[in-house]
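Written below as structure tokens is the structure these notes are about.
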Amino acid sequence: DAGVIQSPRHEVTEMGQEVTLRCKPISGHNSLFWYRQTMMRGLELLIYFNNNVPIDDSGMPEDRFSAKMPNASFSTLKIQPSEPRDSAVYFCASSSIARNEQFFGPGTRLTVL
Amino acid sequence: QKEVEQNSGPLSVPEGAIASLNCTYSDRGSQSFFWYRQYSGKSPELIMSIYSNGDKEDGRFTAQLNKASQYVSLLIRDSQPSDSATYLCAVKDAGGTSYGKLTFGQGTILTVHP
């Protein structure tokens with residue numbers, strides 16, 4: 001079975017540019033989570049969806065960040081404009097309500113110059 | 001503010017020894033608990049889940065849960081150098097509207113030396 005798929009795996013961009021990260025959850029999972037991980041702050045939950053509906057976006061750092069889930073098999077996290085402090089690894093994870101076990105994608109390593 | 005606390009380590013154990021990783025949590029209503037392993041440069045990988053008080057064994061791994069003390073632990077028997085990683089404790093938020101949200105600890109770095 002395919003796991004959580006994320007793209008791109010690496011992204012290098014310049015300050016001020018728009019960045020879009022993509023995620024395909026495991027088929028049949030109905031909850032999707034976006035995390036950011038840095039050495040200083042560890043693993044932070046940014047936003048999560050249930051049945052494609054955003055439930056809690058209190059972890060989104062500021063208005064430059066937005067996330068969408070137009071259907072059950074696709075989600076995006078967008079940063080516009082990007083800043084050097086956004087450099088981190090961004091993970092997407094999915095789970096089913098019945099089991100609550102979250103499975104992580106490989107992550108996107110973002111570097112903003 | 002729900003909290004999950006772990007000793008950041010590093011915890012160093014010799015090959016073949018038992019590694020003991022500990023975690024405490026603040027949300028007394030939590031019912032589901034998870035251990036993830038994260039190798040450097042990789043994503044967190046689920047290795048154990050536990051829902052009831054007591055021990056749960058899976059191969060060389062044993063998870064222990066004590067809800068009264070709000071304490072979860074992970075024991076790794078016969079530790080191998082390949083077990084060297086960061087171990088993350090995660091606790092599912094209590095409440096019916098959390099939709100599976102987990103609160104993660106900061107992780108414990110484990111090093112198994114030959």
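Throughout, a chain's letter reflects where its sequence line sits, starting with A, and its residues are numbered from 1.
- Note: the hydrophobic cluster containing A/Phe33 does not contain A/Ile5 (ILVMFWY, side chain heavy atoms under 4.5 Å, direct or indirect links).
- Scanning all heavy atoms of the two residues, the minimum distance from A/Phe91 to B/Gln38 falls at CZ-NE2, 3.8 Å.
- Contacts of A/Glu44 with chain B are absent, with no heavy-atom separation under 4.5 Å from either backbone or side chain.
- By the criterion of side-chain heavy atoms lying less than 4.5 angstrom apart, applied directly or through intervening Ile, Leu, Val, Met, Phe, Trp or Tyr residues, A/Tyr35 is not grouped with B/Tyr39; the two fall into different hydrophobic clusters.
- Counting non-hydrogen atoms of neighbouring residues, nucleotides and ligands closer than 6.0 angstrom, the CZ atom of A/Arg64 exceeds 12 such neighbours.
- Once rounded to the nearest 0.5 Å, the distance linking NZ of B/Lys92 with CD of A/Glu101 reads 12.5 Å.
- Interatomic distance, CD of A/Gln102 versus CZ of B/Phe104, reported as 5.5 Å (0.5 Å rounding).
- Going from atom OH of B/Tyr36 over to atom CZ of A/Phe104 covers 5.5 Å, rounded to the nearest 0.5 Å.
- Within 6.0 Å of the CD atom in A/Glu83, the count of heavy atoms belonging to other residues, nucleotides or ligands exceeds 12.
- With B/Lys101 as the partner, the side chain to side chain contact (heavy atoms under 4.5 Å, CB included) test is satisfied by one option alone out of A/Asn50, A/Asn100, A/Asp56: A/Asp56.
- Heavy atoms of A/Phe49 lying under 4.5 Å from chain B are absent altogether.
- Hydrophobic clustering, with ILVMFWY side chains joined whenever heavy atoms are under 4.5 angstrom apart, groups A/Leu45 together with B/Leu46.
- Applying the 6.0 Å contact sphere to CG of A/Asn71 captures more than 12 heavy atoms from other residues, nucleotides or ligands.
- Atom OH of A/Tyr48 is separated from atom CG of B/Leu102 by 10.0 Å, given to the nearest 0.5 angstrom.
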